[in-house]
Colleague: 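Sharing a structure below in structure tokens format, with a few things to ask.
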Number of protein chains: 2
Amino acid sequence: MQYADAKQRFIQAWGTLGATWGINKAMAQIHALLLLSVEPLSAEEIMKELKMSRGNVNMNLRALIDWGIVRKENRVGERKEYFSTGKDVWELARQVSRERRRREIEPILQVLSEVQDVTGDNKKSVAEFKQVTQDLYDFSTKVDGMIEKFTKADQTWFYKLLMKL
Amino acid sequence: MQYADAKQRFIQAWGTLGATWGINKAMAQIHALLLLSVEPLSAEEIMKELKMSRGNVNMNLRALIDWGIVRKENRVGERKEYFSTGKDVWELARQVSRERRRREIEPILQVLSEVQDVTGDNKKSVAEFKQVTQDLYDFSTKVDGMIEKFTKADQTWFYKLLMKL
DNA sequence: ATAAAGTTTCAATAATATTTGAAAGTTTGA
DNA sequence: TCAAACTTTCAAATATTATTGAAACTTTAT
């Protein structure tokens with residue numbers, strides 16, 4: 001397969017994958033492009049390559065920076081900004097897990113604990129409610145702890161863990 | 001907090017959480033309602049409780065059944081169908097992991113391997129491309145294996161694993 | 001064979017999310 | 001201070017996804 005085709009195919013697939021996670025397509029595609037690029041790219045270059053508007057590129061670059069997976073770079077004697085992403089897949093996974101933990105698990109734990117002190121006449125329903133939300137809370141807490149460990153550990157730890165399975 | 005409020009709050013939160021994953025709000029809300037319900041519910045009851053159209057309830061129930069997390073039940077002497085979901089959080093997590101693995105990891109592994117035999121003039125770019133896609137492939141394969149283990153193991157195994165961390 | 005009781009489908013509509021691009025803002029050098 | 005080079009914003013336009021509801025379909029009892 002020719003380089004240009006492979007590149008297109010990868011960027012497309014990465015965009016689709018992103019979309020099935022909460023990450024929008026443009027954001028995932030910009031990330032894919034940066035992953036493949038040997039040199040950092042300017043907004044201009046990204047626009048041209050992905051046929052995206054300036055505003056879209058700018059907004060999604062900012063989101064990627066906010067997620068902590070893309071960096072801005074400045075070159076001496078140049079006004080333009082360049083963007084790059086780390087090529088370390090492990091580090092990427094950690095960063096994404098960390099953000100998703102913060103954005104998703106924390107809010108649901110919050111709700112689950114708020115809702116625990118429920119009262120009502122229908123004993124059976126209330127009991128079932130407490131049971132289910134308590135179970136979910138316990139499980140989520142465990143997963144949360146696991147992700148926390150994961151995001152703080154180093155790659156070696158992870159590989160050793162995989163061995164044990 | 002009163003039962004009715006707590007219930008609403010939980011259903012709402014579960015819907016939102018679902019939406020940030022690839023699961024649509026209605027689907028997650030129906031699931032939440034069934035989770036809390038002591039008895040199986042009919043489509044009619046779900047419609048009424050969630051103020052959703054018949055079609056929407058039907059389609060999303062089918063999707064939940066397709067995901068393997070909701071069951072149809074028939075009662076003797078009744079034409080109507082009733083729906084229920086398992087209350088075991090662990091089993092739910094396994095089922096969801098299994099489906100997401102099938103729907104998301106498998107396709108990306110497919111693309112990553114297809115794209116490996118890339119050729120082109122720009123040696124450096126091609127080398128970078130191969131490196132990145134290979135790394136992603138390896139990592140994804142590992143995660144895939146981990147999820148497979150997870151979905152086949154039992155709860156005890158998981159808790160023991162958590163202990164080790 | 002018919003009708004009652006229910007389920008499923010799907011085209012139209014509504015709601016959400018993404019993208020554009022022009023205008024406003026910022027930074028830098030002369 | 002000015003203007004060139006670049007970045008950011010955001011209201012409007014587009015595209016995508018979810019929802020409705022009426023009609024078609026299915027099943028069962030008589």
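Fair warning: this is a prediction, and the values are worked out from it, not measured in the lab. Letters A, B, ... mirror the listed sequences (proteins, then strands); counts begin at 1.
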Colleague: Return whichever of Ala43(A) or Lys25(A) has its heavy-atom-nearest nucleotide of DNA chain D closer to the 5' end.
Modeller: Ala43(A)

Colleague: Side chains of Ser125(A) and Glu128(A): is there a donor and an acceptor less than 3.5 Å apart?
Modeller: no

Colleague: Met47(A) has an atom CE; how far is it from atom C1' of dC6(D), in whole Å?
Modeller: 12 Å

Colleague: Looking at dT20(C), I'd like to know if its phosphate oxygens (OP1 or OP2) sit under 4.0 Å from a side-chain N or O belonging to Asn56(A).
Modeller: yes

Colleague: From the set dG21(D), dA5(C), dC6(D), return the single nucleotide nearest to any side-chain atom of Arg79(B).
Modeller: dA5(C)

Colleague: Would you say dC6(D) has OP1 or OP2 under 4.0 Å from some side-chain N or O of Lys72(A)?
Modeller: no

Colleague: Any idea which of dC6(D), dT7(C), dT9(D) is nearest the Met59(A) side chain?
Modeller: dT9(D)

Colleague: If you compare every side-chain N and O of Arg62(A) against the phosphate oxygens of dT9(D) (OP1, OP2), does one of them come in below 4.0 Å?
Modeller: yes

Colleague: Judged by atom type as modelled, is there a donor-acceptor pair below 3.5 Å linking the side chain of Thr85(A) to the main-chain atoms of Ile69(A)?
Modeller: yes

Colleague: Once you round it to whole Å, what is the distance between P of dT26(C) and CZ of Arg54(A)?
Modeller: 18 Å

Colleague: Rounded to whole angstroms, how far apart are CH2 on Trp21(A) and C1' on dA17(C)?
Modeller: 20 Å

Colleague: Just do the side-chain contact (heavy atoms from CB on, under 4.5 Å) check on His31(B) and Leu92(B) with the steps written out, would you?
Modeller: CA-CA 11 Å; His31(B) 179 244; Leu92(B) 174 66; 3.6 Å; yes

Colleague: Of all the choices, dC6(D), dT19(D), dT7(C), which nucleotide is nearest to the side chain of Glu81(B) once you look at every atom?
Modeller: dT7(C)

Colleague: Tell me: CG of Leu61(B) to P of dG6(C), nearest whole Å?
Modeller: 16 Å

Colleague: State whether the side chain of Ser37(B) and the backbone N or O of Leu33(B) hold a donor-acceptor pair below 3.5 Å, judged by distance alone.
Modeller: no

Colleague: Under 4.0 Å from OP1 or OP2 of dT20(C): is there any side-chain N or O of Asn58(A) that close?
Modeller: no

Colleague: Rounded to whole angstroms, how far apart are CD1 on Ile46(B) and P on dT7(C)?
Modeller: 10 Å

Colleague: Could you tell me the separation between the CD atom of Glu44(B) and the P atom of dT8(C), rounded to a whole number of Å?
Modeller: 13 Å

Colleague: Starting the side chain at C-beta, find the nucleotide from dT19(D), dT8(D), dA4(D) nearest to Asn24(B).
Modeller: dT19(D)

Colleague: Short question: side chain of Gln116(B), backbone of Ser113(B) - any donor-acceptor pair under 3.5 Å?
Modeller: no

Colleague: Roughly, in whole Å, what's the span from NZ in Lys80(B) to C1' in dT26(D)?
Modeller: 17 Å

Colleague: Specify the separation, in whole Å, of atom CD1 of Ile23(A) and atom C1' of dT18(C).
Modeller: 16 Å

